[in-house]
> 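Pasting in a structure now, in structure tokens, and then I'll have a few things to ask.
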Amino acid sequence: MPEFQKVVMIGLGYIGLPTAALIASRGMQVVGVDTKEDVVRTVGSGAIHISEPDLDGLVSKVVSSGALVTATKPQPADVFIIAVPTPIDGDNRPDLSSVNAAVESILDVLAPGNLVILESTSPIGTTEAIARRISERRPDLHVGTNGKEDGSVYVAYCPERVLPGRILTELINNDRCIGGITPACTRRAQRFYKMFVRGACVATTARAAELVKLTENAFRDTNIAFANELSLICDRFDINVWEVIDIANRHPRVNVLRPGPGVGGHCIAIDPWFIIDSAPDLARVMRTSRDVNNQKTHRIIERAEALIDDHPYANVACCGLTFKANIDDLRESPAMEVALHLAAKYGPRVKVVEPNLRRLPPDLADHRVGFMNIDEALRSCEIAIVLVDHDEFKMIPLAERRHLDVIDTRGIWQDMPVRT
Ligand code: SAJ
């Protein structure tokens with residue numbers, strides 16, 4: 001009999017849903033669980049509630065074959081995967097309430113031999129805490145154990161590492177990092193992931209695996225902070241930062257990332273806090289990087305206000321709202337923060353362009369700003385603030401934007417005098 005026949009996925013969001021669909025397509029029975037009834041209904045009907053290339057076709061296929069079903073509560077299975085959000089609270093401290101609720105929800109259905117995997121980004125020690133909680137609440141179950149696979153409940157951490165927009169490809173091809181609370185747990189989880197992952201399934205401990213995930217995103221945040229800091233230094237000395245980076249990156253061991261209006265998304269702007277919160281006395285570079293990246297957004301707002309105040313009758317095109325190029329995701333978006341500030345201050349003079357959204361987000365609509373395509377904005381505006389490097393903006397020829405006064409936070413219009 002196959003070792004893993006039935007899988008419960010808790011959380012049908014950006015990670016849980018594609019992972020559930022992928023596992024279902026590999027011959028396992030998957031029950032997708034979410035506390036949001038509309039999500040359970042949508043996915044249960046074969047549709048999707050997030051936008052991700054190729055996901056609609058895969059979900060529709062596995063739902064119609066019966067391999068993926070949805071429910072609001074877990075049921076007995078061989079494997080339980082927890083893929084729920086782990087945000088930070090107002091004090092930048094990890095909020096594990098969804099993880100705790102997910103663990104609580106499986107306690108009654110857990111049985112000997114089950115594998116419990118946490119995929120959510122989590123502070124060091126979370127997987128061990130889950131194992132302790134299961135032990136305390138289900139003293140009849142043996143959790144973890146000594147290295148043998150002897151019918152215990154096995155607990156492991158395996159972080160997701162996929163890039164929005166490429167989730168299905170990266171789910172299959174990226175290497176995975178798998179850390180059990182014992183080597184036996186690691187081995188069992190490795191066997192499970194090898195059923196649908198083509199990349200290597202690298203074994204480590206639960207704590208190391210938790211820190212690996214946090215390290216990846218904190219590393220990127222710190223490197224983006226370097227680029228953002230450099231952009232401010234270049235501004236002061238009236239040097240083109242894009243040119244500096246381009247030339248510096250010709251050095252074989254230098255790879256400066258790109259400055260921008262700050263760092264957005266649900267991961268890179270948040271995960272470093274999980275390390276900072278655990279070791280505030282040691283995580284000094286990471287802490288400063290967070291500050292530098294946040295301050296960059298405020299600096300762009302100040303510069304935009306100064307430019308607009310110099311042109312009291314000009315209309316202002318805010319080009320892009322999403323947290324990065326060519327997606328429709330607004331989570332933690334610095335572009336949105338800039339647009340909201342300008343909308344609150346200048347109202348209808350602001351014309352928002354966001355080719356990946358069908359309508360204005362309600363917060364912006366409240367300020368009665370315009371919402372138009374890039375061609376209309378170029379015709380009706382004298383100022384442009386480029387906040388996202390969408391392909392549609394990159395393609396605009398110089399002739400169509402020569403009349404504009406531009407703040408180009410993404411360096412996409414390099415053929416004209418640039419402010420970064
Ligand atoms: N950004 C810059 N300059 C750059 C690169 C990015 O300003 O040179 C900004 C982007 O504009 C965006 C933010 O950083 O606002 C984050 O974008 P991203 O493309 O770097 O990353 P995410 O948030 O889409 O996905 C990241 C990825 N992590 C790493 O690359 C280390 C992904 O692999 C993770 O799975 C994901 O976080 C996650 O879920 O943790």
Side-chain angles (χ1 to χ4, degrees), residues 11 13-19 50-53 83-88 94 119-122 157-171 173-177 199 209-232 241-242 245-246 248-249 254-275 286 289-290 292-297 299-300 319-338 356 386-390 393 408-412 420:
Y14 278 86
I15 301 302
L17 179 56
T19 309
I50 53 178
S51 121
E52 178 62 31
V84 295
T86 46
I88 46 174
E119 286 209 6
S120 311
T121 303
S122 300
Y157 184 66
C158 179
E160 62 80 13
R161 310 159 106 177
V162 291
L163 200 69
R166 291 175 43 83
I167 291 183
L168 284 175
T169 317
E170 294 207 357
L171 268 181
N173 295 309
N174 286 6
D175 291 352
R176 298 299 290 246
C177 158
E210 287 158 351
L211 187 56
V212 165
K213 170 68 195 184
L214 300 174
T215 300
E216 290 164 359
N217 284 349
F219 177 82
R220 194 153 171 84
D221 194 49
T222 298
N223 280 282
I224 298 169
F226 181 90
N228 278 333
E229 186 169 284
L230 186 68
S231 74
L232 299 179
V241 68
W242 310 102
I245 293 174
D246 189 44
N249 282 354
V254 172
N255 182 18
V256 181
L257 294 184
R258 296 181 70 78
V263 170
H266 50 116
C267 309
I268 300 211
I270 292 171
D271 298 359
W273 289 113
F274 287 45
I275 303 181
M286 296 183 205
S289 299
R290 279 285 69 240
V292 168
N293 285 333
N294 284 337
Q295 280 158 16
K296 182 70 194 282
T297 312
R299 176 77 189 122
I300 295 298
C319 302
L321 291 179
T322 58
F323 85 80
K324 66 178 184 177
N326 308 322
I327 58 169
D328 67 352
D329 194 334
L330 295 172
R331 285 179 293 178
E332 312 292 325
S333 171
M336 185 71 189
E337 193 179 334
V338 175
N356 300 290
V386 178
L387 296 167
V388 188
D389 45 342
H390 289 313
F393 304 156
D408 179 5
T409 71
R410 299 281 185 173
I412 59 171
T420 54

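Whatever order the structure lists ligands and atoms in, that order sets their numbers, starting from 1. Excluded from the calculations below are hydrogen atoms, water molecules and symmetry mates; all remaining heavy atoms, backbone and side chain alike, are included.
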> Main chain of Ala325, side chain of His390: is a donor-acceptor contact present, judged purely on distance under 3.5 Å?
no
> Give a yes or no on whether the backbone of Pro85 and the side-chain of Ser120 come within a donor-acceptor separation of less than 3.5 Å.
no
> Quick one: does Leu214's side chain get under 4.5 Å of Thr121's, heavy atoms only?
yes
> Which of these, Ile268, Ile224, Ile327, Thr121, has its nearest heavy atom closest to atom 14 (O) of ligand 1?
Ile224
> Among all protein heavy atoms in this structure, tell me which lies nearest to atom 19 (O) of ligand 1, with the distance rounded to 0.1 Å.
Lys324 NZ, 2.9 Å
> Could you name the option among Arg331, Arg258, Lys213, Lys296 that has the heavy atom nearest to atom 7 (O) of ligand 1?
Arg258
> Among all protein heavy atoms in this structure, tell me which lies nearest to atom 20 (O) of ligand 1, with the distance rounded to 0.1 Å.
Arg220 NE, 2.5 Å
> Check this for me, if you would: do Lys213 and Glu160 make a salt bridge, where the nitrogen-to-carboxylate-oxygen distance has to be below 4.0 angstrom?
yes
> Would you mind reporting whether Ile245 and Pro259 have side-chain heavy atoms less than 4.5 Å apart?
yes
> Is Val292 close to Phe226 at the side-chain level, that is, under 4.5 Å between some pair of heavy atoms?
no
> My understanding is that we take every heavy atom of each candidate and find the minimum distance to atom 27 (C) of ligand 1. Doing that for Ile15, Leu214, Leu163, which one comes out nearest?
Leu163
> Which protein non-hydrogen atom lies closest to atom 38 (C) of ligand 1, naming both residue and atom, and how far is it?
Cys267 SG, 2.8 Å
> Nearest to atom 15 (O) of ligand 1, what protein heavy atom do you find, and at what distance?
Phe323 O, 2.7 Å
> Got the closest protein heavy atom to atom 28 (N) of ligand 1, with its distance?
Asn217 OD1, 2.9 Å
> Which atoms from ligand 1 have a heavy atom of Arg161 less than 4.0 Å away?
32 (C), 33 (O), 34 (C), 35 (O)
> Looking at non-hydrogen atoms alone, which of Ser333, Ala225, Gly264, Gly265 comes nearest to atom 13 (C) of ligand 1?
Gly264
> List in chain and number order the residues that pass side-chain hydrogen bond (donor to acceptor under 3.5 Å, both in side chains) with Asn173, two or more places apart in sequence or in another chain; answer none if no residue qualifies.
Arg198
> Starting from atom 39 (O) of ligand 1, what is the nearest protein heavy atom, named by residue and atom, and what distance separates them?
Glu160 OE2, 2.6 Å
> May I ask you to identify the nearest protein heavy atom to atom 11 (O) of ligand 1, giving residue, atom name and distance to one decimal place in Å?
Arg410 NH1, 2.8 Å
> Which is it for Leu257 and Arg220 under the side chain to side chain contact (heavy atoms under 4.5 Å, CB included) test, yes or no, and what are the steps along the way?
CA-CA 9 Å; Leu257 294 184; Arg220 194 153 171 84; 3.9 Å; yes
> For the backbone of Val256 and the side chain of Asn249, can you confirm whether one donor and one acceptor N or O come within less than 3.5 Å of each other?
yes
> Quick one: nearest non-hydrogen protein atom to atom 34 (C) of ligand 1, plus distance?
Val162 O, 3.5 Å
> Hey, which atoms in ligand 1 end up nearer than 4.0 Å to a heavy atom of Glu216?
31 (C)
> Among residues two or more places apart or on two chains, list those pairs meeting salt bridge (Lys or Arg N to Asp or Glu O under 4.0 Å) that have a residue in residues 321-336.
Asp329-Arg331
> Below a 4.0 angstrom heavy-atom separation, can you tell me which part of Glu170, side chain or backbone, both or neither, approaches ligand 1?
neither
